[in-house]
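Letters go in sequence order (proteins before strands), and every chain restarts at 1.
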Number of protein chains: 2
Amino acid sequence: MRTGERRPTLADVAAQAGVSTALASIVMRDAPGASEATRRRVLEVADRLGYHPDSRARLLRSGRSRLLGVVFGVQHAFHGDLVTGLYEAAEKLRYELALSAVTPRRDERTAIGGLLQDRCEALLILGPQSPTSELATLASRMPVVALGRDVRHRAVDVVRNADCEGLHQAVDHLVSLGHRRIVHIDGGRTPGTAERRRGYRDAMRHHGLDAEIRVVPGGPTGEDGATATAPLLTDPPTAITVFNDLAATGVLDALRRAGLSVPGDVSVVGYDDSRLARLTYLDLTTIAQDTAAMTTLAITRAVDRIEGETVTPRELVIPPHLVIRGTTGAHLAEKPA
Amino acid sequence: MRTGERRPTLADVAAQAGVSTALASIVMRDAPGASEATRRRVLEVADRLGYHPDSRARLLRSGRSRLLGVVFGVQHAFHGDLVTGLYEAAEKLRYELALSAVTPRRDERTAIGGLLQDRCEALLILGPQSPTSELATLASRMPVVALGRDVRHRAVDVVRNADCEGLHQAVDHLVSLGHRRIVHIDGGRTPGTAERRRGYRDAMRHHGLDAEIRVVPGGPTGEDGATATAPLLTDPPTAITVFNDLAATGVLDALRRAGLSVPGDVSVVGYDDSRLARLTYLDLTTIAQDTAAMTTLAITRAVDRIEGETVTPRELVIPPHLVIRGTTGAHLAEKPA
DNA sequence: GTGAAAGCGCTAACAT
DNA sequence: ATGTTAGCGCTTTCAC
């Protein structure tokens, strides 16, 4: 029974194995300096006792925590992908992750506070929302890496997606399919909007389509997408690039309700390659962020900072890539003039 | 500059405030036994130094961690809702949460191992997948609460949704709208399938619709839903209850492709009230699990176990509720006989 | 290869 | 109200 039992400590293991705690410690840490026989004996006892080293005590003594704090939004599907990559990258460098979630009822400041108490050696913040000044204060005490969102302060490292290039790729793809009348529905006041819009404009110009440039104010939600689509229905373009996948679903819905077929009449490109985009019945062509690269770089950056390396540049901008699915198709014939 | 700086310790704060560490500790813990003046002075210094108590040392010394370990699937949107509730419930009881994620590349065993090292006093596992035997071993060492999935072992507490009742509600709703030909597409080998199927059958019998009972083998994904719908299209029922929301989206898609309107020709009910169901363009009638109740009870249960209370029953089954949206409507006329 | 002893930052028990 | 002392479980010298 559990009652009355105490968790076994290293001293218990050492005693039962007939060695000093120091030696037992060496074995448990897999450090050099113990004979094969001792090693086996100690491990056997530890296993029998169900011993797990107390990371608190261990880290307290060794002065370091080898702990990287991660602040993420528990509602953001995309953050899930990032966390997956972060675990993997951290493990390779023998660091651990301490997760702290932002929820509708738990703000970023609270989430960060928890991690500070855990003595993380660096902070990785996914889509930081705190004012730059607060992040700067933090960054004066420990390395801070912002993931997926720009933070303009010289003490904060940033790893983010090349939004601009993403929209360039979307437009390139559509142009290669024969489209010319390509509209962009932007993200309203959502972070990243400006850069994606700029990517669209640049790309259109690059293809000599200056005259066709048309940006419609939108937003990040499905309804934003649907609303923004309405005014386009009287004289629809042949293709639409949308700020993100969620808004793109609204666009798709609005188009289909209006009797237009996708991609027959109109092609649509989203952004993020979220779970949504992959749903069979949506099958949305989209721009995927390179989460593997982003997470690896973020962890590497944090660890480099911890270990005092000088690193440049402060801002790492990772190119995304196009994922072609079923919502884009060739624009075969121009309307007869 | 950060280099060369050391994090301030309680001793630093105490020294600068001109008091002993014990007194400073009292202030930081907000414990009784310090004068108002001292309190103010210490807090002021702590703030100026950017002092954060070291939870490791604190907990090491006090022998308890007041830490509840939470294992969750980072990909599961529903787990996000649960984590939100867990944070809130834990805070009320002055416990903290240690999050450990299961990802495509990090299995449940690894996730649990991390928490054991953190000296959590109990484990809350969302949708546990480990074999019962492993959970039982764990439970012999510390309180273990399984959330959202049944675990048949006397040492493991379970807090879960009343799947059976959920489908009862779905059928009741459809019957009240005049439906009689109601099909259930089940979840294949997904946990919970059997109970939801049973709920459907019971409810149909309860309404004297024994002859109409029809269960189609399905699964948890959108494609499963679409595939399961195909054989129904030759002679479609007037309503379909689907194992979960994701599969329901596949059903919706298959119906619409076949030229059937929802809810005009066929009504559809999902399960989970996931983010998906709430999307404007899906607007899916569904069964919502009561996450607030589930999380509160799970935390309460874990804490009761920690504090040695005797608690019954081992298994807490929480009734869900119907959320009526746009995919269900009245069945107006039976086909002329 | 192994053991003895000190101490990480903090809290608790006991002084004063 | 405040200070002193001991020690949580571990790692780290530094002996042997």
Side-chain angles (χ1 to χ4, degrees), chain A residues 5-43 45-46 49-67 94 96 115-121 141-142, chain B residues 5-43 45-46 49-67 94 96 116-121 141:
Chain A
E5 244 180 53
R6 198 175 38 80
R7 273 183 201 248
T9 71
L10 184 61
D12 298 330
V13 175
Q16 292 232 12
V19 297
S20 70
T21 59
L23 192 47
S25 169
I26 284 172
V27 174
M28 292 315 297
R29 276 177 293 137
D30 210 19
S35 69
E36 210 25 67
T38 307
R39 212 170 273 281
R40 232 193 306 281
R41 194 151 32 89
V42 170
L43 287 175
V45 173
L49 263 44
Y51 169 75
H52 288 263
D54 186 328
S55 60
R56 261 164 253 287
R58 168 177 280 186
L59 302 172
L60 174 58
R61 171 62 231 211
S62 52
R64 297 196 43 185
S65 68
R66 296 195 77 87
L67 212 52
R94 304 198 50 177
E96 310 233 310
L115 294 175
L116 289 178
Q117 300 207 159
D118 288 342
R119 284 299 179 270
C120 297
E121 301 187 32
R141 302 201 173 283
M142 65 199 299
Chain B
E5 244 181 52
R6 198 174 39 80
R7 273 184 202 245
T9 71
L10 184 60
D12 297 330
V13 175
Q16 292 232 12
V19 297
S20 70
T21 58
L23 193 47
S25 168
I26 284 171
V27 174
M28 292 314 298
R29 276 177 293 140
D30 209 19
S35 71
E36 211 23 69
T38 307
R39 214 170 270 283
R40 232 194 307 280
R41 195 151 31 90
V42 170
L43 287 175
V45 173
L49 263 45
Y51 170 75
H52 288 263
D54 186 327
S55 59
R56 264 163 247 287
R58 170 178 279 187
L59 302 172
L60 174 59
R61 169 62 231 212
S62 50
R64 296 197 44 186
S65 69
R66 296 196 75 87
L67 211 53
R94 304 199 50 178
E96 310 232 311
L116 288 178
Q117 299 208 156
D118 288 342
R119 284 299 180 268
C120 296
E121 301 187 30
R141 300 197 177 286

Quantified as the angle between the terminal helix axes (five pairs each), what is the overall bend of the helix from C/dG1-D/dC16 to C/dT16-D/dA1 to 10 degrees? 30°
Reported SG-to-CG distance for the pair B/Cys120 and B/Leu67, which is rounded to 0.5 angstrom: 4.5 Å
Distance col, row B/Asp54:CG vs A/Gln117:CD, nearest 0.5 angstrom, shows 9.0 Å
Short side-chain donor-acceptor distance under 3.5 Å, A/Arg39 and A/Ser35: no
Round to the nearest Å and state the distance from B/Arg64 atom CZ to C/dC10 atom C1'. 17 Å
Quick one: A/Glu36 CD to C/dT2 C1', roughly how many Å, whole number? 16 Å
By nearest heavy atom, map B/Ser35 and A/Thr9 onto DNA chain D; which one lands nearer the 5' end? B/Ser35
Let me see the working for A/Asp12 and A/Arg7 under salt bridge (Lys or Arg N to Asp or Glu O under 4.0 Å), right down to the final yes or no. CA-CA 9 Å; A/Asp12 298 330; A/Arg7 273 183 201 248; over 6 Å; no
To the nearest 0.5 Å, tell me how far A/Leu10 CG sits from A/Arg58 CZ. 9.0 Å
Nearest whole Å is fine: how far is C/dT11 P from B/Asp30 CG? 12 Å
Is B/Gly63 touching bases, backbone alone, or none of the nucleic acid, heavy atoms closer than 4.0 Å? nothing
Under the criterion side-chain contact (heavy atoms from CB on, under 4.5 Å), I'd like the reasoning laid out for A/Leu59 against A/Arg64: C-alpha separation, chi angles, the key distance, then a yes or no. CA-CA 6 Å; A/Leu59 302 172; A/Arg64 297 196 43 185; over 6 Å; no
Between A/Ala57 and B/Arg39, which has a closest nucleotide on DNA chain D that is more 5'? B/Arg39
With a 4.5 Å cut-off on side-chain heavy atoms, are A/Met28 and A/Leu43 touching? yes
Is a donor on one side and an acceptor on the other found under 3.5 Å between the side chain of A/Ser65 and the backbone of A/Arg119? yes
So does A/Arg66 get a backbone contact from the side chain of A/Glu121, meaning a donor-acceptor N/O pair under 3.5 Å? yes
Scan residues 17-28 of chain B against DNA chain D and write down, sorted by residue number, each residue with any heavy atom closer than 4.0 Å; if none is found, say none. B/Val19, B/Ser20, B/Ala22, B/Leu23
What range of DNA chain D does chain B touch, first nucleotide to last, counting atoms under 4.0 Å from its heavy atoms? D/dA1 to D/dG9
Please report the distance, rounded to the nearest Å, between CG in B/Asp54 and C1' in C/dC8. 9 Å
Please state whether the phosphate of C/dA12, meaning OP1 or OP2, lies under 4.0 angstrom from any side-chain nitrogen or oxygen of B/Ser62. no
Could you give the CG-to-P distance, from A/Leu10 to C/dG3, as a whole number of Å? 12 Å
Within the structure shown, what part of the strands sits under 4.0 Å from A/Arg29 by heavy-atom distance: base, sugar-phosphate, or nothing? base
If you measure only the distance, is there a donor-acceptor pair under 3.5 Å linking the side chains of B/Ser25 and B/Arg29? yes
Do A/Val42 and A/Leu23 touch side chain to side chain, with heavy atoms closer than 4.5 Å? no
